Amino acid sequence: MHALKKNRPLRRIVLASAATVSGMVLLLSLKPHTGPTLATADTKSPTVSSSSAPSSGSSGSSGGSSGSSGGSASGSKVSETVTGDTVQTRWGPVQVRVTIKSGKLTEVTAVQYPQDNPRDQEINSYALPQLRREALAAQSADIDMVSGATYTSTGYKQSLQSALDSAGL
């Protein structure tokens, strides 16, 4: 005799309920935010540029130059700008640029970060300033994660560490 015959209605109810619950779990676990993206390692090396503090009119630094300038005038403070690797997170890429002056981290800027939808913008509007403050206070990539912005925080820390490694800190 077949398992779903009318002489066993309780078994049919249990199987129908289990199928409904399973379908609901699968449906609710679906995240239709964006299509899956292929996370690949960035083969480009981090960008490093240097400039001396007393500039003569132009404040642009070459984004494509690599390394640091060898000869600087005595007594001048050297400012170095380094862009870290692009880190692919679940919600989008994160990349950080740092400025180092006299061996001290003086500025941290998020160059790339997730901003595809209003929720990303809301999260990053409070997470990025907090991550920046933490990095400047710690003078390293050993900073606390921001609650509610775990993926962005992780990408930020990895890109920051990459930039600091490239700068020799």
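Source: prediction; values computed, not measured. The analysis underlying the following values was restricted to heavy atoms, covering all of them including side chains, and did not include hydrogens, waters or symmetry mates.
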Looking at A138 and I143, what are the two nearest heavy atoms and their distance?
CB-CG2, 4.1 Å

Sorted by chain and residue number, the side chain to side chain contact (heavy atoms under 4.5 Å, CB included) partners of P93 (sequence neighbours excluded) come out as T86, Q88, Q112

Among all residues two or more places apart in sequence or in another chain, which pass the salt bridge (charged side-chain N to carboxylate O under 4.0 Å, His left out) test with R97?
none

S162 (side chain) donor-acceptor with Q158 (main chain) under 3.5 angstrom
no

Determine whether a donor-acceptor pair (N or O, by modelled atom type, separation under 3.5 Å) exists between the side chain of Q95 and the backbone of Y113.
no

Are V96 and V146 linked, directly or through other ILVMFWY residues, by side chains that come within less than 4.5 angstrom of each other?
yes

Within-4.5 Å side-chain heavy-atom neighbours: W91 and D116:
no

Reported NZ-to-OG1 distance for the pair K101 and T81, which is rounded to 0.5 angstrom:
11.0 Å

Please identify each residue that fulfils salt bridge (charged side-chain N to carboxylate O under 4.0 Å, His left out) with R119, with sequence neighbours left out.
E122

Could you list all the side-chain hydrogen bond (donor to acceptor under 3.5 Å, both in side chains) pairs where at least one residue sits in residues 126-138, not counting sequence neighbours?
E107-R132

Return yes if some donor-acceptor pair links the side-chain N/O of T109 with the main-chain N/O of V111 below 3.5 Å, else return no.
no

Below 3.5 Å, can you tabulate the donor-acceptor pairs from side chains in residues 16-25 to any protein atom, sequence neighbours excluded?
unit_1 : atom_1 : unit_2 : atom_2 : d
S17    : OG     : I13    : O      : 2.9
T20    : OG1    : A16    : O      : 2.8
S22    : OG     : A18    : O      : 2.9

Pairwise side-chain contact, I100 with T106, heavy-atom cut-off 4.5 Å (strictly under):
no

Tell me if a side-chain donor or acceptor on Q115 pairs with a main-chain N or O of Q121 at a distance below 3.5 Å.
no

Shared hydrophobic cluster, M145 / L128 (ILVMFWY, side-chain heavy atoms < 4.5 Å)
no

In the structure I gave you, are the side-chain heavy atoms of L131 and V108 within less than 4.5 Å of one another anywhere?
no

What's the separation between atom OG1 in T154 and atom CZ in R90, rounded to the nearest 0.5 Å?
12.5 Å

Heavy-atom closest pair (A135 atom, L105 atom, distance to 0.1 Å) is O-CD2, 3.6 Å

Measure from the side-chain N and O atoms of S159 to the backbone N and O of D85, and report whether any donor-acceptor pair falls under 3.5 Å.
yes

Are the side chains of V98 and L160 in contact, using a 4.5 Å heavy-atom criterion?
yes

Tell me the salt bridge (Lys or Arg N to Asp or Glu O under 4.0 Å) pairs involving residues 144-169, sequence neighbours left out?
none

Inter-residue atom distance Q161.CD - S166.OG, 0.5 Å rounding:
10.0 Å

N117 side-chain N/O to D120 backbone N/O, donor-acceptor pair under 3.5 Å:
yes

Output for pair (I123 CD1, T152 OG1), nearest 0.5 Å, gives 7.0 Å

